[in-house]
Amino acid sequence: TNGKAFKTILDFAPTEVDGESAIEIAIRNDSSAKTAEVQARAREQVHKLHSKAQEHVQQAQSQAQQQVAQAQTQAQKQLEELQQKLTASVQQLAMVRNLDLLTGLTNRVHFVEVLKTELLKEHKGTVRALLYIKLDTFSAIAEKVGVLASDGIIKGFADLIRTSVSKEDIAARFGGTLFAVIVTRSSLKEITDWADKFRGAAASRIFESAGKSTSLTCSI
C-alpha cells in the first residue's frame, strides 16, 4: 500500500466457512513469517491430533460395538440355555406328576386320561383289553413281612408288570394293590394267553424286600 516491495510467504490452511470446507490463504510479510510458520505448524499439529482423536474415537466405538454384540450373543445363548433347561424341567415335572411315586408306573389320574384318549383311537387289525390285576390276600402278606417291606413287595410286583408288557401296552398303579394295563394284541386269545403267562410268572417268583421274602398270587 505504500509502494514498497517486500518478501512474502503464502500460508495455505484447511478451514471451514459456514460449515463448508475451504482453503484459507494468508499473505504475510517477512517480519511475520516466523510467527506464521509457528502458527502453521501449530495448526498442523492440532489437525493431526484431531485426526488421531477421531481415529481413537472410531476405534473405541468399534470396540464398544463388538463388546455389545458379544454381550448380546452371550446373553442370547444363556437365554436359550435357560429356556432349554426350563422346558426340560417342565417336561420332567409333568412326567413326575403323571407317575406313581412308589412304583414308577402311570398313576391313576393320568391313566384315566390316557384311557379316555385311547378309547377314541381306532386300531385296525388289533384287539385291546383293559386288564385289572389285583394281588391276592395282600393283607396277610403285609402282616407277614411288615409295613415297610410290603411297599418293596408292591414295587417288585410293579417291576414284573413293567418287564412283562410290550412297548405298546400302558401299565398303571390304579391304587393300593390294584394295577391296570391296557394290552394291545392281534387277537383276544393272545391277550388271555399273556394274562395266564403273567399269573404264572408272578406265582413262581419269590419277592424280596427289606430282608424279607414272600411268594404271592394275583387275579386278573
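These values consider heavy atoms only, across backbone and side chains, with no hydrogens, waters or symmetry-generated copies. These numbers were taken from a predicted model, which means no experiment stands behind them.
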Looking at every heavy atom in both A22 and V17, which two are closest together, and how far apart are they?
CB-CG2, 4.0 Å

Write down the atom of I206, the atom of S213, and the distance for their closest heavy-atom approach.
CG2-CB, 3.9 Å

Check this for me: [X], atom [atom1], are more than 12 non-hydrogen atoms of other residues, nucleotides or ligands nearer than 6.0 Å?
X	atom1	value
D18	CG	no
E20	CD	no
L148	CG	no

Are any non-hydrogen side-chain atoms of [X] and [Y] less than 4.5 angstrom apart?
X	Y	answer
I154	T177	yes
S186	T126	no
R205	L160	yes
H110	N107	yes
I27	L10	yes
I133	V181	yes
F198	I161	yes
I25	D11	no

What distance do [X] atom [atom1] and [Y] atom [atom2] have between them, rounded to the nearest 0.5 Å?
X	Y	atom1	atom2	result
T184	E190	OG1	CD	11.0 Å
E118	F111	CD	CZ	9.0 Å
S166	W194	OG	CH2	9.0 Å
R199	S204	CZ	OG	11.5 Å
T117	K121	OG1	NZ	7.0 Å
I182	T106	CD1	OG1	9.0 Å

Say whether, by atom type as modelled, one donor and one acceptor occur between the side chain of [X] and the main chain of [Y] under 3.5 angstrom.
X	Y	result
R162	T103	yes
S62	Q58	no
S209	A149	yes

Please step through side chain to side chain contact (heavy atoms under 4.5 Å, CB included) for the pair I191 and V127, ending with a clear verdict.
CA-CA 8 Å; I191 294 176; V127 177; 4.0 Å; yes

Do the side chains of [X] and [Y] join up, straight or via other hydrophobic residues, at under 4.5 Å, putting them in one cluster?
X	Y	result
I153	L135	yes
V109	V114	no
L99	L178	no
F157	L131	yes
L102	L216	yes

Geometric class of the Y132/F174 ring pair [parallel <30°, tilted 30-60°, perpendicular >60°]
perpendicular

Taking the six-membered ring for Trp, are F138 and F179 closer than 6.0 Å centroid to centroid?
no

When you check the gap from the basic side-chain N to the acidic O, do E44 and K48 get nearer than 4.0 Å?
yes

So does R185 pair up with D169, basic N to acidic O under 4.0 Å?
yes

Can you list the steps and then say if D193 with K189 is a salt bridge (Lys or Arg N to Asp or Glu O under 4.0 Å)?
CA-CA 6 Å; D193 288 345; K189 184 178 184 305; 2.9 Å; yes

Salt bridge (Lys or Arg N to Asp or Glu O under 4.0 Å) between K155 and D159, intermediate numbers included:
CA-CA 6 Å; K155 185 180 184 305; D159 291 339; 3.4 Å; yes

